[in-house]
Amino acid sequence: MSHKSGELERNIGFLEAMTLGGGTMIGAGIFILPGIAAEGAGPASSISFVIAGIVALLAALSLSELATGMPIAGGSYHFVNRALGGFFGSIVGWGMWTGLMFASAFYMIGFGQYLVEPIPFLDGRALIILLGLVGLVLIVGVNYYGTEESSQLQNVMIGVETVIVLLYVALGLFFIDPANLEPFAPEGSSGIMATTGIVFVSFLGFEIIATVAGEVKDPSRNIPLSMILSVVLVTILYALVMIVTTGVLPYEQLGGSLVPVSDVAIVFMGPLGVVAIVAAAAIAAISSSNSSILAAARVNFAMGRDELMSDWLNVTHDRFGTPHRAIVATGVVTALLVTTGLAVETIVALLAEVASFSFLVSYSLVHVALIVFRRADPEEYDPSFKIPEKLYPAVPILGVVMAVVVISQMATEIILLGLGIVGLGVGWYFVYVKDHAIDSGLIGDAIWSESRAYRVVVPVANPDTQRNLIRLAAAAARAHTGEEKPELVAVNVLQVRDPSPQQNIAAERLDHQYDLLEGAKEIAEEMAVNLRTVALTGTRIDETILEAIVEEDADQVLLGWRGALARQGHVFGPNLDSVVENAPCEVSLVTLHSERIGVPVALAGPGPHSPIAARRATEFATVDGTIPTLLNVQRATTGSEEDATKRGEEIIMDVADKAGLDADDYEAEVVVNEDIEEAILDTVNHYETICVGLSERSEASRLMFGTIAERISQEAKSNVGIVRGSYESESGSERETHLSDRAV
């Protein structure tokens with residue numbers, strides 16, 4: 001994969017996705033958190049894990065829909081940024097990145113604890129931190145080398161630790177002392193909810209699946225299946241682990257232990273069991289940290305892609321195809337967090353809780369993002385998995401409420417630290433993102449989805465070379481300013497005939513969309529119109545554009561045309577012919593020979609599309625602040641020239657009236673000449689832009705190069721716009737007239 005593309009390959013299958021998600025959750029938390037959880041809620045800590053699992057399941061449902069709708073790197077960050085804009089995207093981006101790094105540091109300190117504590121001749125906090133750093137360097141190296149290699153390592157580690165944990169639960173159930181489970185909830189409901197906030201860090205694995213969605217094979221199946229299944233299975237497993245752990249040893253004894261599962265295992269598994277638990281804990285810490293580093297790197301990789309961070313991060317390695325810069329940056333910051341364990345004795349619980357806070361905030365905004373996507377229904381959002389209608393909007397609403405409740409029960413210092421990270425995201429937005437972000441989000445479309453603004457669709461292949469086309473489309477939109485600000489929709493079609501299973505179409509489409517945003521944003525601001533961009537994929541360009549026109553309910557579509565007439569049964573070309581013939585809105589075909597629009601001229605004649613051409617000339621004139629001319633040419637007859645001029649003026653006034661133009665909106669020019677076509681061609685060449693309506697003639701009377709519009713399109717040196725009205729403005733017989741029967 002070229003480093004220039006900034007794309008990631010799809011090489012993670014269902015098994016790898018399950019091990020990334022479930023493996024992170026059946027990870028270090030299952031060996032380190034039981035002691036902390038038992039201290040906070042006693043045996044009822046199993047309920048804390050169940051509540052945390054429910055909160056995670058609600059988030060997994062929303063994320064499954066979002067991730068199958070846009071399966072690209074970034075996870076929750078990308079969905080929030082796309083739906084709610086750069087402000088909230090910055091909050092979630094920083095929250096996820098720091099949250100995953102806090103979690104990874106938590107895992108690696110736990111890794112050191114389980115290696116040092118059970119071995120008598122090893123001691124010292126410095127050794128714990130040193131071992132944690134060594135493990136972290138190994139993880140960063142594996143991720144730098146390749147996602148597929150990282151996933152394969154993950155599969156092996158998760159398989160080993162899962163077997164050991166299942167054995168721990170199966171044997172431990174026979175050694176539970178019911179007396180140890182009394183009192184079941186010594187700290188009451190408040191203790192259960194406060195502990196939920198601590199242990200929620202154990203359920204970050206499903207988010208990791210969404211974060212690496214751009215690398216998952218068959219995302220429509222594998223993403224929702226692996227996310228939901230991993231949360232459900234792990235929630236059940238955690239509840240059983242806590243029942244066994246608090247049932248074998250009193251919760252008061254567990255609270256002060258750095259290696260609680262090891263302390264329990266020695267009771268019924270003996271020294272050999274302790275060795276197995278230590279090995280499993282070490283593997284779990286490595287696998288959990290590996291997943292977190294993998295996901296955290298994808299977050300700042302995606303932020304670089306979206307220009308919420310330096311695009312220096314949005315680069316993939318020439319050889320390995322990994323986001324190597326993002327991985328190294330993540331590894332360095334995580335290492336600094338690990339080293340804080342030398343000075344802060346309670347760093348393990350602190351790291352876990354801050355990570356939980358960050359993700360609870362992120363998931364709250366993810367639920368909101370889902371509602372925004374549902375209401376705005378952007379063209380590029382086409383999820384293969386959707387929350388069942390009976391559960392929507394109950395799932396996102398309940399998800400927000402439960403996340404807020406859990407946060408409210410956290411310790412004050414954790415809430416303050418978490419709000420500090422939120423503040424970091426807010427500050428970063430105003431310092432950096434505000435001037436760099438190119439995506440304003442969909443929240444406006446969601447809130448005002450019922451409103452109706454005038455909408456112009458402009459298909460663009462290359463925004464760098466077609467800026468003037470975008471400018472004309474923006475001018476056409478601006479001319480219809482009313483109660484609602486008019487809207488310009490720039491559309492780019494990525495033709496995909498036979499995509500490879502490894503090809504990340506969603507990422508390619510997003511790249512095209514950002515190119516459009518960058519190319520059109522300045523023009524839209526200058527023209528005072530709202531801008532949206534749509535990047536689509538399809539096997540046929542014409543069909544995809546027509547689908548976009550219908551989906552957007554466009555009032556007008558403006559198409560670029562190279563000016564040459566096609567052959568072999570086509571007029572403008574196969575793609576253009578189809579759009580011109582079938583688009584239900586007004587259509588303008590534009591050939592640009594010059595960047596300057598100048599004073600446009602419109603042919604004002606008896607054709608059905610003359611008023612539309614007159615209106616279009618008026619709209620185009622606003623680009624350079626000019627007043628258009630409406631031109632009518634009369635044939636010189638035996639009557640007086642004055643009579644012919646009067647007839648021409650009356651026709652111009654009639655056309656202007658049908659176009660809704662006032663007398664001061666245009667200049668009128670009447671030319672009297674024996675050869676109408678030559679007079680028209682001679683006159684219009686004095687103008688920089690020409691607008692002419694499509695003719696409606698039968699094939700019998702049509703000459704291949706004999707009509708006015710055809711000759712203008714082929715012979716004029718000025719910019720040319722060929723215009724037709726919407727179907728509503730035509731009679732039934734006119735609508736039935738085939739494109740090949742239209743004299744152009």
Side-chain angles (χ1 to χ4, degrees), residues 5 7 10 68-72 82 214 219-220 373 376-384 386 439 442 445 455-466 469-470 472-474 476-477 487-501 503-520 531-562 566 568-590 722 724 726-727 738-739:
S5 68
E7 293 176 19
R10 295 197 180 280
T68 59
M70 293 177 296
I72 60 176
R82 182 72 184 94
S220 61
F373 270 107
D377 193 23
E379 184 73 25
E380 70 271 21
Y381 181 66
D382 185 23
S384 55
K386 296 190 76 170
D439 196 343
L442 300 168
D445 295 328
R455 189 168 296 141
V456 177
V457 167
V458 53
V460 180
N462 185 339
D464 292 331
T465 60
Q466 295 180 273
L469 193 67
I470 297 172
L472 283 178
E487 187 172 44
L488 171 64
V489 182
V491 175
N492 176 266
V493 177
L494 174 64
Q495 189 173 21
V496 182
R497 299 188 184 278
D498 186 19
S500 163
Q503 188 177 0
N504 192 341
I505 298 298
E508 292 181 37
R509 185 172 64 187
L510 186 69
D511 288 342
H512 282 259
Q513 188 165 353
Y514 283 144
D515 287 343
L516 283 178
L517 278 165
E518 290 180 333
L531 169 68
R532 282 196 300 108
T533 60
V534 178
L536 304 173
T537 58
T539 56
R540 285 188 52 176
I541 293 176
D542 57 332
E543 290 180 353
T544 308
I545 292 175
L546 283 167
E547 288 172 6
I549 292 168
V550 172
E551 180 71 22
E552 295 293 342
D553 190 20
D555 296 283
Q556 181 187 154
V557 58
L558 193 145
L559 304 154
W561 175 44
R562 57 193 176 91
Q568 298 178 341
H570 299 294
V571 179
F572 305 111
N575 291 326
L576 291 178
D577 281 7
S578 179
V579 176
V580 172
E581 183 176 13
N582 297 302
C585 59
E586 294 181 4
V587 178
S588 300
L589 281 173
V590 178
I722 298 177
R724 79 151 171 83
S726 64
Y727 283 155
H738 191 273
L739 179 67

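Hydrogens, waters and symmetry mates play no part in the numbers below; they use all other heavy atoms, side chains included.
- Considering every non-hydrogen atom in both Cys585 and Ala554, the closest pair reads CB-O, 3.2 Å.
- In terms of heavy atoms, Leu546 sits closest to Ala583 at CD2-N, 3.6 Å.
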Criterion side-chain contact (heavy atoms from CB on, under 4.5 Å) on Leu576 and Leu589, from CA distance to verdict: CA-CA 9 Å; Leu576 291 178; Leu589 281 173; 4.0 Å; yes

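- A 4.5 Å side-chain heavy-atom check between Phe572 and Val579 finds every atom pair outside the cut-off.
- Between Ser588 and Ile722 there is no side-chain heavy-atom pair separated by less than 4.5 Å.
- For the pair Arg724 (side chain) and Val580 (backbone), a donor-acceptor distance under 3.5 Å is present.
- Between the side chain of Arg455 and the main chain of Glu552, a donor-acceptor pair closer than 3.5 Å is present.
- With rounding to the nearest 0.5 Å, the separation of CH2 in Trp561 from CG in Leu469 is 14.0 Å.
- Under the rule for a side-chain hydrogen bond (donor to acceptor under 3.5 Å, both in side chains), the partners of Asp542 that lie at least two apart in sequence or sit in another chain are Arg540, Ser578.
- Phe373 is listed as a side-chain neighbour of Arg82, based on a closest heavy-atom distance under 4.5 Å.
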Determine, step by step, whether Leu472 and Val590 satisfy the side-chain contact (heavy atoms from CB on, under 4.5 Å) criterion, reporting the C-alpha distance in whole Å, the side-chain angles of both residues, the deciding distance to 0.1 Å, and the verdict. CA-CA 9 Å; Leu472 283 178; Val590 178; 3.7 Å; yes

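- With contacts defined as side-chain heavy-atom distances shorter than 4.5 Å, the pair Leu559/Pro459 qualifies.
- Here the closest non-hydrogen pair linking Glu586 and Ser726 is CG-N, 3.6 Å.
- Looking at Leu488 and Ile470, their side chains come closer than 4.5 Å, going by heavy atoms from C-beta outward.
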